[in-house]
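Throughout, a chain's letter reflects where its sequence line sits, starting with A, and its residues are numbered from 1.
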Amino acid sequence: FQYCLSGHPTLPCNVLKFKSTTIMLDCGLDMTSTLNFLPMPLVQSPRLSKLPGWVLKDGSTFLDKELKECSGHVFVDSVPEFCLPETELLDLSTVDVILISNYHCMMALPYITEYTGFTGTVYATEPTVQIGRLLMEELVNSIERVPKAQSASMWKNKEVQRLLPAPLKDAVEVSMWRKCYTMPEVNAALSKIQLVGYSQKIELFGAVQVTPLSSGYALGSSNWIIQSHYEKVSYVSGSSLLTTHPQPMDQASLKNSDVLILTGLTQIPTANPDGMVGEFCSNLAMTVRNGGNVLVPCYPSGVIYDLLECLYQYIDSAGLSNVPFYFISPVANSSLEFSQIFAEWLCHNKQTKVYLPEPPFPHAELIQTNKLKHYPSIHGDFSNDFKQPCVVFTGHPSLRFGDVVHFMELWGKSSLNTVIFTEPDFSYLDALAPYQPLAMKCVYCPIDTRLNFIQVSKLLKEVQPLHVVCPEQYTQPPPTQSHRTDLMVDCQPPPMSYRRAEVLTLPYKRRYEKIEIMPELADSLVPLEIKPGISLATVSAVLHTKDNKHVLQLPPKPPQPPTSKKRKRVSDDVPECKPLKPLLSGSIPVDQFVQTLEKHGFSDVKVEDTAKGHIVLLQEAETLIQIEEDSTHIICDNDEPLRVKLRDLVLKFLQKF
Amino acid sequence: FPEMSHLPCLCWGAGAGQDVGRSCILVSIAGKNVMLDCGMHMGYNDDRRFPDFSYITQNGRLTDFLDCVIISHFHLDHCGALPYFSEMVGYDGPIYMTHPTKAICPILLEDYRKITVDKKGETNFFTSQMIKDCMKKVVAVHLHQTVQVDEELEIKAYYAGHVLGAAMFQIKVGCESVVYTGDYNMTPDRHLGAAWIDKCRPDLLITESTYATTIRDSKRCRERDFLKKVHETVERGGKVLIPVFALGRAQELCILLETFWERMNLKAPIYFSTGLTEKANHYYKLFITWTNQKIRKTFVQRNMFEFKHIKAFDRAFADNPGPMVVFATPGMLHAGQSLQIFRKWAGNEKNMVIMPGYCVQGTVGHKILSGQRKLEMEGRQILEVKMQVEYMSFSAHADAKGIMQLIRQAEPRNVLLVHGEAKKMEFLKQKIEQELNVSCYMPANGETTTIFTNPSIPVDISLGLLKRETAIGPLPDAKKPKLMHGTLIMKDNSFRLVSPEQALKELGLAEHQLRFTCRVHIQDPRKEHETVLRVYNHLKGQVVLKDYSVQHLPDGSITVESILIQATAHSEDQGTKVLLVSWTYQDEELGSYLTALLKKGLPPSTS
């Protein structure tokens, strides 16, 4: 079974029940909910602090503390909140393990590990954990830096929400929205992670094996194979076939899957990442040349490494050598340092550099030559060093919190400046809404290197899964481009789709299981060649099952020859420990059978033909043996030695199974 | 089928056997041949330097014979013969090593080649190009990654802690497995973590035993001792020479001295010889994930491999007056800069040489450590050693305690000791056999050890059969072992265990039913149906049959499970009834038990 806990296809959270283990696949946190909140300025903003409270059509003002009108929209004036994965669909304390595919898909981890009674283990690669920690640190830091006294809750009341203007009216699952976690919770959550490497086979309870594979999307990003000896589920989440900095995607290991779960495709299927990078560079250069500043709202890790690398190659030729580049984030330094130490997780070219030994990313040189400077925040050293025109990389891409809020306020009024959106997670128009009207230029160059639909269909042709399972969004064209039937997953049989809070039965059927035959038992087997190349052996053995592993052993030796006193009891026990008899096959040639009988001292054998076979009569013994193609029936007096003798003679002609 | 299989394990060439010199081990496991390490001997300058690869195969190409080569770490006694082996003898198959080893190994090889060829003028040695070509055959592996060498052979690396990138390797074919430790260290030090392996229960554990008898005193004491000696010498104006290999122990001792100099505010210069230093430290920075927890945690704030007090050495500095500490390569004083400095400083009793690692026989290092004070140098020149000679075991090898600990972790069925000295190994062998009750071998050089394994055989069981056997059975008693009956189909190389019915079906055969019907005569003048009722009550009353289903059917017959009992009147004697007991071959035990029971007659009727 698969339980879908998140409706966001690129920030998934699914639970898979597979062979009596409960496996959570990713732990994505939907942060688009923050777009409904007012930005959190780092410096007192006269504009934002003087917004009028929102008044209902009927003039009632009871919500004016919670909701503010800004630029023609209504925003919640409160600490921003995130939409958690579903927690009611199944008891999350029963989750045995959580598999993380990349650092963007673990942001809900503290909510799951700290609040649901979760006692299992989380598996992730080292870069995923280290960079995931940085993302969480930045998030917590940006929100805790701006203490907001109030947290709004009245508007969430169902009756009240109905009265609100869009998009607040249509916001889903508002009761599931939660405030950000704290650093102690982050640390507690991360302490439950066990580090794994690509192609490492991890045994779960002896029943299931999980293996992370390189997915090519980010440092340490992985797809996961979940398999027993006979079924294989591939979890493909956030994969890329483009050559950027991470190790290339391992496609071969996904072959022969019974089920392939496909999530985390590109959010901008129509944009070409290479083209976007080119546009990014030219817009940046143009703005700076005209004396304006460039603001790049971004995450502290990931695409920023590629952008810095492009700029490294671009700035001299574009005459930008003297323009300062600032990277402002509480984790900027750590992110830049960490990027240099994961040689084993990088693409071949970067690995080769490390072997020299040189830092794999050229931003080391940008820092050394003072072209790139990094600061934990706009306060402190930065305010002294700050020179304009410049380029600033900072978070958060939602424009609701973090140092970016300050730059939006600072630069928004001048048409010389440009904000360039590169992160695809938020609609840039929604992100800009509370800052309108803006004089500054806005350029949208979303860079999403994850698989597009053409690459998906190529991949599926290549790895040939029996069934594909994906979020429902991928089974129809995007709502805004309903004619683009090429923008959906196309495969045979058609993919099975799921949506938030839905349970799906996965179509795999097991036929076999692994079992081990102990050497002593193997020695005792007598194989018989039935057909050329095919041998059979009947196995009667004792089955031991422990930790989901099955072992066959020799049955215990028959009891010692009983003493006369015990004889009776032994015979009483006979039915209890009956060894199973094999099935029989073959047919009995009457002539040879009669000859055998005669050889064994039966002198009065008489054979009668019947419609279906023969009847062999032993007159003296008053015994009748009916022999047909597929059956033999021995009818005799209660003379056990005679019966056993006849039985053995019949068995000589038959094969045992 | 089945066959007892064996793991021949050949350790050859004055190396991996009972000597610390060079490692090169050949393991055959379930038909696969794997060469473990490809080391050279530092004590020799002739043919004996490299292993004699004709041991592997007299005729025929090495590539055809070997399935893969595994290198445990970058020390030359483990990888020094690799370019010779792959490029000069000829091997084109895969060579596996970790990323740091792959990065560092070619640099040490080139360094070594330069000393041998450029300085000593030797010919018939591998070239720079050969090192490059050799490294192209290397496949880098991650820790704990399962690498599928081919369909049957898989290998997996574990952290060994000995030097940056050192790994232990598990080699597995089917159910059989071997673990090769390479060199390892069971206690974390200032820059590396401790070796770790899971309970993988290999058939054979091949472990180094360099420090087989030593149980070294605590690390802290050794460090204090080292610092005290260095400090005293420097205080009295002497010079301290510490011969090291560029990567490994050197970094640990640098960290140690750096922090000590900082704390004590010392001024005497510390130098590190050769251009390798900075490069070496760079490797440590870029592969910081391979160092210990503490360094990894703090590297963003303070990189432990950026030294303030330690500066690059220039040849001219050796003649400078006044105290100094010099780290110089190589570590066994057999060539290069360390030997040059040693010759300069040996005559002065104020000076000190500290040997922080093991020295193989034949090297200057080994000679002075064994007490020799007059050394014959090149050109018959005699060098008198007046400087103080100290030995400090800083090499990160496991001591006896550590070796025992690793064996306890992995739980092998057999242990094979290599890379140690015979006498010490004998001691350890006894300890392992007595304390851990594991058979232990210590082959001599060139000797093949064969270990017999008796693997269980994995087969595919049909789920139907498994479920039937685990779910039903006459007595669903969980504690009782369950008896299972099935048919093993052996076709090509696949083994499948299925129910006999399925086996028949798959082979297109019909079942042949064998049925028995026995006549049992009973004295009972009553009507047939009354006799039947008596029989039924009798069977019902049997304690032995309490778990069986005994039924009286409307047609007048009785069934006990599948055994059918009917009564007819005797054709001649009305006082006798004939019970027909009928059963199939599969229910023979019960059938024949019932006939025997009924033959004894019925108990007198109570009614």
Participant: Between atom CD of Glu511(B) and atom OG of Ser631(A), what is the distance when rounded to the nearest 0.5 Å?
Facilitator: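 One gets 10.5 Å once the value is rounded to the nearest 0.5 Å.
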Participant: Check the pair Arg643(A) / Glu588(B) against salt bridge (Lys or Arg N to Asp or Glu O under 4.0 Å), numbers first and verdict last.
Facilitator: CA-CA 11 Å; Arg643(A) 187 187 70 81; Glu588(B) 190 175 35; 3.0 Å; yes
Participant: Show your working on side-chain contact (heavy atoms from CB on, under 4.5 Å) between Val196(A) and His144(B) and close with a plain yes or no.
Facilitator: CA-CA 8 Å; Val196(A) 293; His144(B) 302 158; over 6 Å; no
Participant: Non-hydrogen atoms of chain A under 4.5 Å away: do they reach the side chain of Gln148(B), the backbone, both or neither?
Facilitator: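 Answer is side chain: those atoms of Gln148(B) sit under 4.5 Å from chain A.
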Participant: Minimum heavy-atom separation for Ser587(A) to His512(B), with atom names?
Facilitator: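 For Ser587(A) and His512(B), the tightest heavy-atom pair comes out as CA-ND1, 4.0 Å.
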Participant: Let's test your reading of the structure: which of Pro458(B), Gly486(B), Pro100(B) forms the most heavy-atom pairs below 4.5 Å with chain A?
Facilitator: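 Max contact count across the listed options: Gly486(B).
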Participant: Could you check which of His521(B), Lys156(B), Lys102(B), Arg296(B) has the highest count of heavy-atom pairs closer than 4.5 Å to chain A?
Facilitator: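 Of His521(B), Lys156(B), Lys102(B), Arg296(B), Lys102(B) has the most heavy-atom pairs under 4.5 Å with chain A.
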Participant: Which atoms of Val539(A) are under 4.5 Å from chain B, going by heavy atoms: the side chain, the backbone, both sets, or neither?
Facilitator: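 Both backbone and side chain.
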Participant: Please state whether the side chain, the backbone, both or neither of Ser582(B) comes within less than 4.5 Å of a heavy atom of chain A.
Facilitator: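 Contact with chain A is through the side chain of Ser582(B) alone.
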Participant: Pick from Asp630(A), Val644(A), Ile534(A): which one has the most heavy-atom pairs with chain B under 4.5 Å?
Facilitator: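 If we count pairs closer than 4.5 Å to chain B, Asp630(A) comes out on top.
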Participant: Determine whether Phe495(B) and Ile517(A) make a side-chain contact, defined as any pair of heavy atoms from C-beta on separated by less than 4.5 Å.
Facilitator: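 Counting from C-beta outward, Phe495(B) and Ile517(A) never come under 4.5 Å.
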Participant: Surrounding NZ of Lys514(A) (heavy atoms of other residues, nucleotides or ligands, distance under 6.0 Å), is the total greater than 12?
Facilitator: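 Above 12, so yes.
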Participant: Given the options Gln655(A), Glu622(A), Gln130(A), Gln626(A), which has more heavy-atom pairs under 4.5 Å with chain B than any of the others?
Facilitator: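 The residue among Gln655(A), Glu622(A), Gln130(A), Gln626(A) with the greatest pair count is Glu622(A).
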Participant: Taking all non-hydrogen atoms of both residues into account, name the closest pair between Thr289(B) and Glu344(A) and its distance.
Facilitator: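 Reported closest heavy-atom pair: OG1-OE1, 3.9 Å.
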Participant: Mind checking whether Ile634(A) and Leu514(B) have side chains closer than 4.5 Å, heavy atoms only?
Facilitator: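 A side-chain contact under 4.5 Å exists here.
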Participant: In Å, rounded to the nearest 0.5 Å, how long is the span from CZ of Phe342(A) to CD1 of Ile288(B)?
Facilitator: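 Taking CZ in Phe342(A) and CD1 in Ile288(B), the distance rounds to 11.0 Å.
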Participant: Judged by modelled atom types alone, do His485(B) and Ser540(A) share a side-chain donor-acceptor pair under 3.5 Å?
Facilitator: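 Side-chain D/A pair, His485(B) to Ser540(A): present.
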Participant: As an exercise: rank Gln340(A), Gln351(A), His229(A), Met518(A) by heavy-atom pairs under 4.5 Å with chain B and give me the winner.
Facilitator: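 The option with the most such pairs is Gln351(A).
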Participant: Angle between ring planes, Tyr355(A) versus His99(B), binned at 30° and 60°: parallel, tilted or perpendicular?
Facilitator: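 Tyr355(A) and His99(B): tilted rings.
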Participant: Quick check for you: to the nearest 0.5 Å, what is the distance between Leu552(A) atom CG and Ile461(B) atom CD1?
Facilitator: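 If I round to the nearest 0.5 Å, the distance is 6.0 Å.
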Participant: Provide the closest heavy-atom pair for Tyr512(A) versus Gln502(B) in the form atom of the first, atom of the second, distance.
Facilitator: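 Answer, listing the atom of Tyr512(A) first, then Gln502(B): OH-NE2, 3.7 Å.
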Participant: Looking at Cys518(B) and Asp637(A), what are the two nearest heavy atoms and their distance?
Facilitator: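 Looking at all heavy atoms of both residues, the closest pair is SG-O, 4.0 Å.
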Participant: Taking atom types as modelled, is there a side-chain donor on Arg647(A) or Tyr585(B) under 3.5 Å from an acceptor on the other?
Facilitator: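 Side chains of Arg647(A) and Tyr585(B): no pair found under 3.5 Å.
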Participant: Which atoms of Leu624(A) come close to chain B, meaning under 4.5 Å heavy atom to heavy atom: side chain ones, backbone ones, both, or neither?
Facilitator: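 For Leu624(A), there is no contact with chain B at all, as no heavy atom is under 4.5 Å.
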Participant: When rounded to the nearest 0.5 angstrom, what is the spacing between CG in Leu543(A) and CG in Leu465(B)?
Facilitator: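 Leu543(A) CG to Leu465(B) CG: 9.0 Å, rounded to 0.5 Å.
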Participant: Where on Glu506(B) is there a heavy atom nearer than 4.5 Å to chain A: the side chain, the backbone, both, or neither?
Facilitator: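 Side chain only.
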Participant: Quick one: what part of Glu203(A) sits under 4.5 Å from any heavy atom of chain B, side chain, backbone, both or neither?
Facilitator: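 Neither the backbone nor the side chain of Glu203(A) comes within 4.5 Å of chain B.
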Participant: Thinking salt bridges, do Lys201(A) and Glu154(B) make one under a 4.0 Å N-O criterion?
Facilitator: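 Salt bridge present between Lys201(A) and Glu154(B).
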Participant: Step by step, would you call Lys599(B) with Glu640(A) a side-chain contact (heavy atoms from CB on, under 4.5 Å)?
Facilitator: CA-CA 11 Å; Lys599(B) 199 179 174 188; Glu640(A) 191 66 4; over 6 Å; no
Participant: How long is the gap from CD1 on Ile635(A) to CZ on Arg515(B), to the nearest 0.5 Å?
Facilitator: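 Ile635(A) CD1 to Arg515(B) CZ: 10.0 Å, rounded to 0.5 Å.
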Participant: For each of Val543(B), Leu597(B), Thr595(B), Leu598(B), tally heavy-atom pairs with chain A at distances under 4.5 Å, and name the one with the top tally.
Facilitator: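 Top option by heavy-atom pairs under 4.5 Å: Thr595(B).
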Participant: With only heavy atoms counted, which part of Glu358(A) is less than 4.5 Å from chain B, the side chain, the backbone, both or neither?
Facilitator: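 Backbone of Glu358(A) only, per the 4.5 Å heavy-atom cut-off to chain B.
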Participant: Please answer whether the main-chain N or O of Thr487(B) pairs with a side-chain N or O of Thr538(A) as donor and acceptor at a distance below 3.5 Å.
Facilitator: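 No, Thr538(A) side chain to Thr487(B) backbone: no donor-acceptor pair under 3.5 Å.
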Participant: Walk me through whether Glu337(A) and Lys285(B) qualify under salt bridge (Lys or Arg N to Asp or Glu O under 4.0 Å).
Facilitator: CA-CA 10 Å; Glu337(A) 289 287 339; Lys285(B) 277 176 73 176; over 6 Å; no
Participant: Assess the residue pair Phe299(B) and Ile341(A) against the criterion (side-chain contact (heavy atoms from CB on, under 4.5 Å)); give the C-alpha distance rounded to whole Å, side-chain angles, the decisive distance to 0.1 Å, and a yes or no.
Facilitator: CA-CA 10 Å; Phe299(B) 93 104; Ile341(A) 65 158; 3.6 Å; yes
Participant: Specify the closest pair of heavy atoms between Leu536(A) and Met490(B), including all atoms of both residues, with the distance to one decimal.
Facilitator: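 For Leu536(A) and Met490(B), the tightest heavy-atom pair comes out as C-CE, 4.0 Å.
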Participant: Grab the two heavy atoms, one from Leu584(A) and one from Leu504(B), that are nearest each other, plus how far apart they are.
Facilitator: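 Distance-wise, the nearest heavy atoms are O-CD1, 4.3 Å.
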Participant: At a heavy-atom separation under 4.5 Å, does Phe338(A) approach chain B through its side chain, its backbone, both, or neither?
Facilitator: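 Its backbone and side chain both get close to chain B.
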Participant: Would you give the length of the straight line joining atom NE2 of His142(B) to atom OG1 of Thr125(A), rounded to the nearest 0.5 angstrom?
Facilitator: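 Nearest 0.5 Å value for the NE2-OG1 distance: 10.0 Å.
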Participant: Does a donor on one side chain and an acceptor on the other come within less than 3.5 Å for His633(A) and Thr517(B)?
Facilitator: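 There is such a pair between these side chains.
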Participant: For chain A, find which of Leu507(B), Leu580(B), Val498(B) contributes the most heavy-atom pairs closer than 4.5 angstrom.
Facilitator: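 Ranked by contacts with chain A, first place is Leu507(B).
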Participant: Considering only heavy atoms, which portion of Phe516(B) lies under 4.5 Å from any heavy atom of chain A: side chain, backbone, both, or neither?
Facilitator: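 Both backbone and side chain of Phe516(B) come within 4.5 Å of chain A.
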Participant: Is the closest side-chain heavy-atom distance between Gln200(A) and Leu143(B) below 4.5 Å?
Facilitator: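 Result no, sub-4.5 Å side-chain heavy-atom pair not found.
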